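Every value quoted in this text rests on a predicted model; they were computed, and no experiment measured them.
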Amino acid sequence: MRTGHPLLVILGPTASGKSALAIRLAERLAGEILACDSTQVYRDFDIGTGKDIAEYRGTSQHLVGLIGALEGFTAGDYKEHARRVLAQVTARGHLPIVTAGSGLYLRAFLEGLSPLPRRSPELRARLVQCAGERGGAYLHRMLARLDATSARAIAPRDVPKIVRALEVYFQARRPRSELFAAGRDALEGYVVIKLGLLPPRPDLYRRIDERVEQMLAAGWLDEVRRLLQRFPPTAKPFGFLGYRQLVAHLRGELTFTEAVKRIKHETRQFAKRQITWFRKEPDVRWFAGFGDDPAIQREVLAYIGELLPAASANSSA
RNA sequence: GCCGGGGUAGCUCAGAGGUAGAGCGCGGCCCUGAAAAGGCCGGCGUCGGCGGUUCGAUUCCGUCCCCCGGCA
């Protein structure tokens, strides 16, 4: 039996109501919220990343708006930031509640990463140029020569993963697969309670459509217009789901109707991928509904009450 | 009503006398520092209905129904 401070993790696809549930739990259990979201770490890109949708009231939310549009950010960076904030929240005697939509970031945070070389923009630029000149399959053949194990695990057309594997090899002079053997730096000192939100698929898809409409009604398109005056269109957050389509619309490449249609559609596909990723996450207690549903909230509180008698005892508010 | 074009997967469409395919969609899945990224797998079907010819018809013939143009 592992011991340590309790750490709540709420995971689930986009629009499943993670924030609403987190806020409710934070109010009841003296918690602080830590976002685990690869897009919310960016400043200024607020409406489309869902930052402005939830009503946080007095609850404090961390790991949101950390960096500027022109900065890079990785799963490793997230792990470092998140663990630092986690320690602070715990030191304050509050219950940390993580809302997780980015599977890779959550894994880096909880399970850690193997000690691999970090990203190298220069090296990448060269590799990508190489791929452009000699064709994508060229890089895969190169990887097969240098790190056969990784080459077998990565599809020849999966360029981003091939590039990463080569980037690791050229910096470490050792194949990625060997470096993995060192293991991961898992989070220690916490008892992790994972709550999964999984509403019925048709309901979730309907909710996604509604949420996109809400974001647009909140002035999303204007936000994009303003951001385009401040940052070059190549800035990473303009590539996020939704921002990508709205930028295309503002450039005259898509009608507004078509852009909205694509945003809804691609968001549904994204939610499906999130579900696939989270399904194999170990030790998750699943709830078949939305996090803003009072019935689900009661179920969750009851479940937590069993696991944390102390927490429920002083949460009679 | 007449002439022409067309009815094949959820959608757009290709195809051929031996019970059918593509793209998208949809579903399943993968993932160790750009992950809201990227990739892999799966055809999910009364080939409009009914007759006929044929060993065999979704394909050929007849007929009916429906859609789109044009002429009335």
Is the phosphate of B:C24, meaning OP1 or OP2, less than 4.0 Å from a side-chain N or O of A:H265? no

Can you say whether the rings of A:F109 and A:Y78 are parallel (under 30°), tilted (30 to 60°) or perpendicular (over 60°)? perpendicular

Taking N and O atoms by type only, does the side chain of A:R124 place a donor or acceptor under 3.5 Å from a partner on the base of B:A34? yes

Taken to the nearest whole Å, CD/A:E80 to C1'/B:U32 is 14 Å

Taking donor-acceptor contacts at under 3.5 Å, does the side chain of A:K272 reach the base of B:G28? yes

To the nearest angstrom, the CZ-C1' distance between A:F240 and B:A37 comes to 10 Å

For atom C1', what is the distance between B:A57 and B:U8, given to the nearest Å? 14 Å

Distance test, side-chain N/O of A:R119 to OP1/OP2 of B:A34, below 4.0 Å: yes

Inspect the surroundings of NZ in A:K236 and state if more than 12 heavy atoms from other residues, nucleotides or ligands are less than 6.0 Å away. yes

Determine: side-chain N/O of A:R279 to OP1/OP2 of B:G27, distance under 4.0 Å, yes or no. no

Closest non-hydrogen atom pair between A:S150 and A:R176, with its separation: OG-NE, 3.1 Å

Test A:L7 against every option in A:V191, A:L95, A:L86 by the side chain to side chain contact (heavy atoms under 4.5 Å, CB included) rule and name the one that passes. A:L86

Mind checking who B:G1 pairs with, Watson-Crick or G-U wobble, both distances under 3.5 Å? B:C71

Measuring to OP1 and OP2 of B:U32, would you say a side-chain N or O of A:R164 lies under 4.0 angstrom away? no

For B:C24, the Watson-Crick or wobble counterpart (both distances under 3.5 Å): B:G10

Could you check whether any side-chain heavy atom of A:Q40 comes within less than 4.5 Å of a side-chain heavy atom of A:Q61, counting everything from C-beta outward? yes

Using the C1' atom on both, measure B:G1 against B:G17 and round to a whole Å. 36 Å

How many Å lie between CD on A:E111 and C1' on B:C31, as a whole number? 14 Å

Please state how far atom CG in A:L179 lies from atom P in B:U32, giving the value in whole angstrom units. 13 Å

Tell me: CZ of A:F45 to P of B:A34, nearest whole Å? 19 Å

Identity of whatever pairs with B:G38 - Watson-Crick or G-U, under 3.5 angstrom: B:C30

Is there a Watson-Crick or G-U wobble partner for B:A57 with both distances under 3.5 Å, and which nucleotide is it? none

Any side-chain N or O of A:K280 less than 4.0 Å from the OP1 or OP2 oxygen of B:G28? no

Scanning all shown strands, the Watson-Crick or wobble mate of B:U19 with both distances under 3.5 Å is none

Rounded to whole angstrom, note down the P distance from B:C30 over to B:G49. 41 Å

What is the distance from CD of A:E266 to P of B:A37, rounded to the nearest Å? 8 Å

What is the minimum heavy-atom distance between A:A218 and A:I47, and which atoms define it? O-CD1, 3.4 Å

Roughly how many Å apart are B:G15 and B:G45, using the C1' atom of each and rounding to a whole number? 15 Å

Give me, pair by pair, the N or O atoms of the protein and of nucleotides 38-40 of chain B that are less than 3.5 Å apart, along with how far apart they are.
unit_1	atom_1	unit_2	atom_2	d
B:G38	O2'	A:D158	OD1	2.5
B:G38	N2	A:D158	OD2	3.4
B:G38	N2	A:K161	NZ	2.6
B:G38	N3	A:K161	NZ	3.2

Side-chain donor-acceptor pair present, A:E266, A:Q245, cut-off under 3.5 Å: yes

Pair A:R226 + A:E223: basic N to acidic O under 4.0 Å: no

Please tell me which of A:Y243 and A:Y205 maps to the more 5' nucleotide of RNA chain B, matching each residue to the nucleotide holding its nearest heavy atom. A:Y205

Membership question, hydrophobic clusters at under 4.5 Å side-chain separation (ILVMFWY): are A:F170 and A:V168 in the same one? no

At under 4.0 Å between heavy atoms, what does A:Q245 touch on the DNA or RNA strands: base, sugar-phosphate, or nothing? nothing

Across the strands shown, which category fits A:Y78 at heavy-atom distances under 4.0 angstrom: base, sugar-phosphate, nothing? nothing

A:F180 on top of B:U32's base, within under 5.5 Å and under 30°? yes

Any base atoms under 4.0 Å from A:R184, or only sugar-phosphate, or nothing? Heavy atoms, all strands. base

Assign each of A:G183 and A:R268 the nucleotide of RNA chain B bearing its closest heavy atom; nearer the 5' end lies the nucleotide of A:R268

Under 4.0 Å between any heavy atoms, over every strand shown, what does A:T276 touch: base, sugar-phosphate, or nothing? Just pick one. base

In whole angstrom, give the distance that lies between atom CG of A:L104 and atom P of B:C30. 14 Å

Partner of B:C47 by Watson-Crick or G-U wobble geometry, both contacts under 3.5 Å, or none? none

State whether A:Q269 places a side-chain N or O below 4.0 Å from either non-bridging phosphate oxygen (OP1 or OP2) of B:G27. no

Please report, rounded to the nearest Å, how far the P atom of B:G27 is from the CG atom of A:L204. 11 Å

With a 4.0 Å cut-off on heavy atoms, is A:G103 in touch with a base, just the backbone sugar-phosphate, or nothing at all? nothing

